[in-house]
Amino acid sequence: MKITKLIKPLQGELSVPGDKSISHRAIMLGALCEGITEVSHFLESADCLSTISCFEKMGIQIEKQRDSVIVHGKGLRGLQAPKTALDCGNSGTTMRLISGILSGQGFSCELTGDASIQKRPMKRIISPLISMGANIRSLKTNDCAPLQINGQQLRGIHYASPIASAQVKSCVLLAGLYADTKTSVTEPYLSRNHTELMLSYFGADVESRGTTASIVPNPVLNGQKITVPGDISSAAYFIAAGLMIPGSEILLRDVGINPTRDGILQICKGMGGDITLLNLHKQGFETVADLLVKASSLHGTIVEGEIIPTLIDEIPIIAVLASFARGTTVIRDAEELKVKESNRLDVMVQELSAMGVDIEGTEDGMIIRGGKPLHGAVIDSRLDHRIAMSFAIAGLAAEGETTIEHSDCVDISYPGFFKDLNALQH
Ligand code: S3P
């Protein structure tokens, strides 16, 4: 994909696609409940389709309709042994959350995925699951996928997670559905809480206190209607573009603004960004709002500590914003970025440098001295959707032409990304 510098402002309205994290969880919990779950504004991206295909292989009927997905739940113990390995594709959420569910089943199966996911760390879920009595192992004994899971009766534990990770927390809580006693997880900082909110909406007894979430085993989960909010992680690219490109004004409709996900809004406002929340309302168990974004003069900031999990997927686009902002931005406590779909710390430092940014990588983040003009470059996306989208936005504001290699990887989380970006250019 080739991007050239925009000479006109971005203008108009957009409804970004459904939230990826919530879409995955709606299929998973829909499969484990009694009766039908109807999911509207489901994100039909490659990652969420991987989740659907895994549950179909376990005997769950999932119908795609024009505006929704219907999941025919079979109850907590209704999954069937898949005939072949479950393929999670590129999706860490699918692999880590399903592992929790599979550990408590009455059958064995193998979980695999693409080259990227076979390099991502799975010890973070293997360890707590083993303490719950699970029989799970890395088939290549490298603590990565493929994983073999032989379902067992599990025991409840309290897990003090060393990392603030919603995937780890959710994996343990989902395994906790099949335990003999209560299971709880404490994390260093609160990560996204969609699993807790949705489990409770489906009828589970879940308690959240500070950074600890706990679940009582063996609930009866009942099918629900869910409307998935717009994904703030997808909205982030348009928020950044709207703030950076002079004269722009964009309205992003029905974006999920759960406080465990809204760090991008706090950081942008802290950098001087003009973002107004309109029409704030509850949509089921989540809160949504329309975001009015106006071009702003931005300055550098510090991104660190407990805000990190609330914007973990937005750090690449924050680095782009910081490159255009006046002054220095420091990002710390973000070592988790090294184990995402690519090593996002290294990739951002390398590729922003290629565009002329004064940027330095650190142990756990980066230092960006922004405000100098950027020039176009050929960007290797590393097949990482968030890298491709971040550099597409950088390319709109850089001099000359930017080429994003393997840009179709945006389909992992946002199949219509380039179409939506074009629609705002009048
Ligand atoms: C996700 C949690 C985050 C995030 C990922 C989706 C989820 O990962 O980066 O894109 O849906 O639970 P970690 O939990 O590993 O931080």
Side-chain angles (χ1 to χ4, degrees), residues 17-29 42-43 45-48 50-51 88-101 113 116-117 119-128 143-145 159 161-175 185-199 211 213 228-229 231-237 256 258 260-264 286 306-318 333-345 364 384-390 409-410 412-414:
D19 187 275
K20 182 153 81 74
S21 295
I22 298 174
S23 294
H24 282 298
R25 287 157 171 81
I27 300 298
M28 295 181 187
L29 295 192
F42 175 78
L43 172 65
S45 74
D47 267 9
C48 298
S50 293
T51 293
C88 302
N90 189 249
S91 175
T93 307
T94 308
M95 182 162 288
R96 295 194 177 118
L97 270 59
I98 279 193
S99 295
I101 296 171
S116 152
I117 208 165
K119 290 197 207 112
R120 297 182 64 188
M122 291 299 150
K123 185 149 193 217
R124 54 184 57 203
I125 54 149
I126 294 175
S127 297
D143 288 329
C144 295
Y159 185 57
S161 176
I163 40 176
S165 160
Q167 293 181 353
V168 171
K169 171 176 64 177
S170 302
C171 169
V172 175
L173 292 175
L174 290 170
V185 184
T186 301
E187 41 186 358
Y189 296 126
L190 187 62
S191 65
R192 65 192 67 190
N193 63 359
H194 308 301
T195 303
E196 297 91 298
L197 296 181
M198 200 186 289
L199 273 166
T211 58
V228 179
D231 196 329
I232 191 166
S233 299
S234 299
Y237 304 102
N258 179 320
T260 62
R261 292 287 297 284
D262 74 350
I264 178 76
E286 296 281 353
E306 68 179 351
I307 201 167
I308 294 287
T310 74
L311 47 68
I312 190 73
D313 293 335
E314 287 67 79
I315 292 177
I317 189 67
I318 290 174
D333 304 322
E335 52 276 90
E336 271 296 298
L337 250 66
K338 295 180 186 170
V339 291
K340 294 293 177 188
E341 287 83 329
S342 67
N343 179 335
R344 289 181 179 160
L345 286 186
D364 62 350
D384 182 334
H385 55 130
R386 303 216 184 273
I387 297 294
M389 290 188 276
S390 297
C409 66
V410 303
I412 292 290
S413 64
Y414 196 158

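Just follow the structure's listing: the first ligand is 1, and inside any ligand the first atom is 1. Any value given below was found using the heavy atoms of this structure, including those in side chains, with hydrogens, waters and symmetry copies removed. It should be emphasised that the depicted structure is a prediction, and the values quoted were computed from it without experimental measurement.
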Close-contact set for ligand 1 against Ile312 heavy atoms, below 4.0 Å: 9 (O)

Enumerated ligand 1 atoms positioned under 4.0 Å from heavy atoms of Thr93: 1 (C), 6 (C), 7 (C), 11 (O)

Looking at ligand 1, does any of its N/O atoms fall within less than 3.5 Å of an N/O of [X]?
{"X": "Arg386", "result": "no"}
{"X": "Ala166", "result": "yes"}
{"X": "Ser21", "result": "yes"}

Residue part near ligand 1, for Arg192, under 4.0 Å between non-hydrogen atoms: side chain

N/O donor-acceptor pair under 3.5 Å between Asp19 side chain and Asp231 backbone: no

Ser23 side chain to Leu43 backbone, donor-acceptor under 3.5 Å: yes

Residue-ligand contact Lys340/ligand 1, heavy atom below 4.0 Å: yes

contact_flag Arg25 ligand 1 heavy-atom lt 4.0 Å: yes

Polar side chain donor-acceptor pair, Arg386 to Ser233, under 3.5 angstrom: no

Top protein contact for atom 4 (C) of ligand 1, by heavy-atom distance: Asp313 OD2, 3.3 Å

Nearest-neighbour protein heavy atom for atom 1 (C) of ligand 1, which is reported as residue plus atom name and distance: Gln167 NE2, 3.5 Å

Atom CD of Glu335 with >12 non-hydrogen neighbours under 6.0 angstrom: yes

Stepwise side chain to side chain contact (heavy atoms under 4.5 Å, CB included) check, Tyr189 with Ile307: CA-CA 8 Å; Tyr189 296 126; Ile307 201 167; over 6 Å; no

For Glu286, all residues meeting salt bridge (charged side-chain N to carboxylate O under 4.0 Å, His left out), sequence neighbours excluded: none

Salt bridge (charged side-chain N to carboxylate O under 4.0 Å, His left out) against Glu196, all qualifying residues, sequence neighbours excluded: Lys169

